[in-house]
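Throughout, protein chains are lettered first and strands after them, A, B, ... in sequence-line order, and every chain is numbered starting at 1.
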There are 4 protein chains.
Amino acid sequence: MVEAYKPAQQRALRAQGRRTRARLANAGLAVFADRGYHAARVDDIVRRARASHGTFYLYFTNKEDLLGALAIECAQAYEALAATIADAESVAPIDECVEQFFAIYARYGPVIRAWMENAVADREINRLGVVAFRHIAAAFAGRLRAEGRPHDAATVGSLMALLERSAYYAGRDPTRPGDARTVARIVQNGYFGAGAFTP
Amino acid sequence: MVEAYKPAQQRALRAQGRRTRARLANAGLAVFADRGYHAARVDDIVRRARASHGTFYLYFTNKEDLLGALAIECAQAYEALAATIADAESVAPIDECVEQFFAIYARYGPVIRAWMENAVADREINRLGVVAFRHIAAAFAGRLRAEGRPHDAATVGSLMALLERSAYYAGRDPTRPGDARTVARIVQNGYFGAGAFTP
Amino acid sequence: MVEAYKPAQQRALRAQGRRTRARLANAGLAVFADRGYHAARVDDIVRRARASHGTFYLYFTNKEDLLGALAIECAQAYEALAATIADAESVAPIDECVEQFFAIYARYGPVIRAWMENAVADREINRLGVVAFRHIAAAFAGRLRAEGRPHDAATVGSLMALLERSAYYAGRDPTRPGDARTVARIVQNGYFGAGAFTP
Amino acid sequence: MVEAYKPAQQRALRAQGRRTRARLANAGLAVFADRGYHAARVDDIVRRARASHGTFYLYFTNKEDLLGALAIECAQAYEALAATIADAESVAPIDECVEQFFAIYARYGPVIRAWMENAVADREINRLGVVAFRHIAAAFAGRLRAEGRPHDAATVGSLMALLERSAYYAGRDPTRPGDARTVARIVQNGYFGAGAFTP
DNA sequence: AATGAATGAGCGTTCATTCAT
DNA sequence: CATGAATGAACGCTCATTCAT
């Protein structure tokens, strides 16, 4: 389901090409983080990647295409996390799941914010994020059910809000509360623990 | 007499001028909501306000200045809410406070998102939002204390995250859960109620 | 010959109207002096005159028209000076003529510079200045002839260059040489005196 | 590699880039000559240079920057002339110096007028012109001294006024007196010759 | 595979001028 | 006679994208 969005240039890349493409993608992520997607300039990206404008358009059809490529990476990471959460076999502790959520957000935050800001015209890219988050939510819901915790859509919604905003704040101001471990504990106590609130 | 051009904000305005200014501000809010601050075009704003480009710059020195004006309005609304929450005399029910939070967000959401996106170069404007939110948080903390609920910074942080994200989602997709009343209930139960989680 | 240019609004003005018009004209002159004709803003002028935009266009059809009105004043002053220089009856000393040249320049310098910069599209306005200066030159030539000093067009041209540039410099930096009296002496010695150079 | 955009001036340019930049500079000079600096439109310049707006801003940060670049060229030319005049070794005839002054003015007149009009906000650029002219004046003063001609600041000032205005007139109306050779003779006779006036 | 150069549509902003009161 | 408000054409400048080498 992550393949719905078709990135540019599907030509086969050799080692050097793959390296250049990766350099550009990382530079893009960094610049998106600094300035936000909209304010990010292709020029900033290529300068950061020590490449030229021409090279950029060799690997991405345009700025949005780069965002799309990063969005796929991000969505894949979150889909994997959803699978982990939901997996009944190797049930990972909630703490680890939350921390993993934060880790992915720490890397792909700018992409997620671009989703949220509706910055991208391409519906398909936006869908990637919505779907991935819905899967995460569903996985947590399943987990609550498995643990016998009563819950409804609103409960899960508040959990997602808490996770996303906290991860966001954590990225903006690392010196204040809201980091992964604290939130993991809150989630543990507040949603899964004995005294957790019930709808 | 004659203070035409530049000063924008400070000029003493007559009735007609005040109306036009308000029309532009509302149009700006609407366009920011539709497209986001960055992607909003001055042209969209003036078209929506049925005014001309020149008129826009008669009342605001530029697009950012308009955002600043709206930000001040928004911050004032939240400061008033903070005062209401904190006011020991006429202690308003938590539900009403939450719903009020949503109401303000419904109007000024685009401005708040611009804050978050760091869209405004003006540090002072950005501070307004941070401070207002901090006051809201402090007011809720006071309320928790008054009610004898144990809490720490992280608790309050998660409450703010919940409020803001939920209000945000509510604005994006009114058909889904996360609307004011539901969240008000969650807050009531989860943070203030008997079974509320404790840090 | 000065009436060639037709200024705006020939309606009869009452006392108050004349005062307002004069206030605007003086403000215009001052702003032209500060910023130069091109960079001068109608807004600067009306603010300085404590009037409104509407009022400005009550007395002048546009910015250029104001320049034209000032140009007429200036040309009249220089035509009068030319007449004085040329007048065989009450032959004024050269010194006084030069000082008079400076005095007029001190007031109307901005207008003259607008002529020189070719700032005005209106040919007629430009002609006013050219003609006035030509008359001054002719008057000096007549004076040289009357004093039996040999001269040719180039001699007179250099004299005009000296006068105009010196008057210009005098306005720009009053603390340095080039003021009226010094130049008057140079003209006296260099063009009319016994040891004056001859073509 | 890749120093695209902003820096303009500093970027290391290849042959093609240097040619384009020179084409733009020459076009700018021509347009400044036709319309004056203020009235000159970037659009005129790029059309004349057969380039696009974007290209212009690839080589100059703005219109004023172009003027600055030309000003530097001009100041260098005049500094070189000052050195030639002052050089005791290969004392160039006055005539040649004057003609050289005219030649530089013929090329850079518009720039010099922009200086005079105070068109440039950048103080440093303005200083270049003032200093260059002061050096020319000093060089002429030295030459007068070397030739045993009595002189003072006013004498030299009048010489500069004569040179500059004559060069200016020469550019405006080539059919009238005031051309290089005539003025060279006037300077020779009037300031350096046997019958030259003395302060 | 990579680059520097070039493009031009599109945006924010200014300001001379007109209008309604 | 005077004013504040409104207008919109025109300008300076940006930047995603394409081109030529």
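One atom, CZ of C/Arg47, and another, C1' of F/dG4, lie 14 Å apart when rounded to the nearest Å. One can place OH of A/Tyr37 at 13 Å from C1' of F/dC15, the figure rounded to the nearest angstrom. Rounded to whole Å, atom P of F/dT21 lies 11 Å from atom CZ of D/Arg19. Between D/Phe60 atom CZ and E/dA6 atom P there is a gap of 12 Å when expressed in whole angstrom units. Between the CD atom of D/Glu64 and the C1' atom of F/dC13 there is a distance of 15 Å, given to the nearest Å. One can place CG of D/Leu13 at 13 Å from C1' of E/dA6, the figure rounded to the nearest angstrom. Here F/dA6 presents its C1' atom at 17 Å from CZ of B/Arg21, a figure rounded to the nearest Å. Here E/dA2 presents its C1' atom at 11 Å from CG of A/Leu24, a figure rounded to the nearest Å.
Comparing C/Ala39 and D/Phe56 against DNA chain E, the residue whose closest nucleotide sits nearer the 5' end is D/Phe56. Between B/Arg50 and C/Arg14, the residue anchored closer to the 5' end of DNA chain F is C/Arg14, taking for each the nucleotide with the nearest heavy atom.
Among the heavy atoms of the strands lying under 4.0 Å from B/Gly54 is at least one base atom, whether or not backbone atoms are also near.
With sequence neighbours excluded, no residue forms a side-chain hydrogen bond (donor to acceptor under 3.5 Å, both in side chains) with B/Gln76. Taking the side-chain hydrogen bond (donor to acceptor under 3.5 Å, both in side chains) definition, one finds that D/Asn26 meets it with D/Arg107, sequence neighbours left out. Among residues two or more places apart in sequence or in another chain, the salt bridge (Lys or Arg N to Asp or Glu O under 4.0 Å) test is passed with D/Arg47 by D/Asp43, D/Asp44. D/His38 pairs by the side-chain hydrogen bond (donor to acceptor under 3.5 Å, both in side chains) definition with nothing, not counting sequence neighbours. For D/Phe32, the ring-ring contact (aromatic ring centres under 6.0 Å, His included) criterion is met by D/Tyr37, not counting sequence neighbours. By the side-chain hydrogen bond (donor to acceptor under 3.5 Å, both in side chains) test, D/Thr55 is found to be paired with D/Ser52, residues two or more places apart in sequence or in another chain being considered. Residues passing the ring-ring contact (aromatic ring centres under 6.0 Å, His included) test with D/Phe56, sequence neighbours excluded: D/Phe60.
For the OP1/OP2 pair of F/dT3 and a distance below 4.0 Å, the side-chain nitrogens and oxygens of C/Ser52 include at least one atom meeting the criterion. Side-chain nitrogen and oxygen atoms of D/Gln16 include none within less than 4.0 Å of the OP1 or OP2 phosphate oxygen of F/dT21. Here A/Thr20 does not reach the OP1 or OP2 of E/dA1: none of its side-chain N or O atoms lies under 4.0 Å away. Look at A/Tyr59 and you won't find any side-chain N or O under 4.0 angstrom from OP1 or OP2 of E/dA1. Under 4.0 angstrom from either OP1 or OP2 of E/dA1 there lies no side-chain N or O belonging to A/Thr55.
Contact check for B/Arg48 versus B/Asp34: side-chain heavy atoms found under the 4.5 Å cut-off.
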Identify all pairs in which a protein N or O lies below 3.5 Å from an N or O of nucleotides 10-12 of chain F, and state each distance.
residue: F/dC11; atom: O3'; partner: D/Arg41; partner atom: NH1; Å: 3.3
residue: F/dG12; atom: OP1; partner: D/Arg41; partner atom: NH1; Å: 3.3
residue: F/dG12; atom: OP2; partner: D/Val42; partner atom: N; Å: 3.2

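Checking side-chain atoms of A/Trp115 against main-chain N and O of A/Ile125 turns up a donor-acceptor pair under 3.5 Å.
Of the candidates E/dA1, F/dA5, E/dA5, the closest approach to any side-chain atom of B/Leu58 belongs to F/dA5.
Within a 6.0 Å sphere centred on CZ of D/Arg23, heavy atoms belonging to other residues, nucleotides or ligands number more than 12.
End-to-end axis angle for the helix from E/dA2-F/dT21 to E/dT21-F/dA2, using five pairs per end and rounding to 10°, comes out at 20°.
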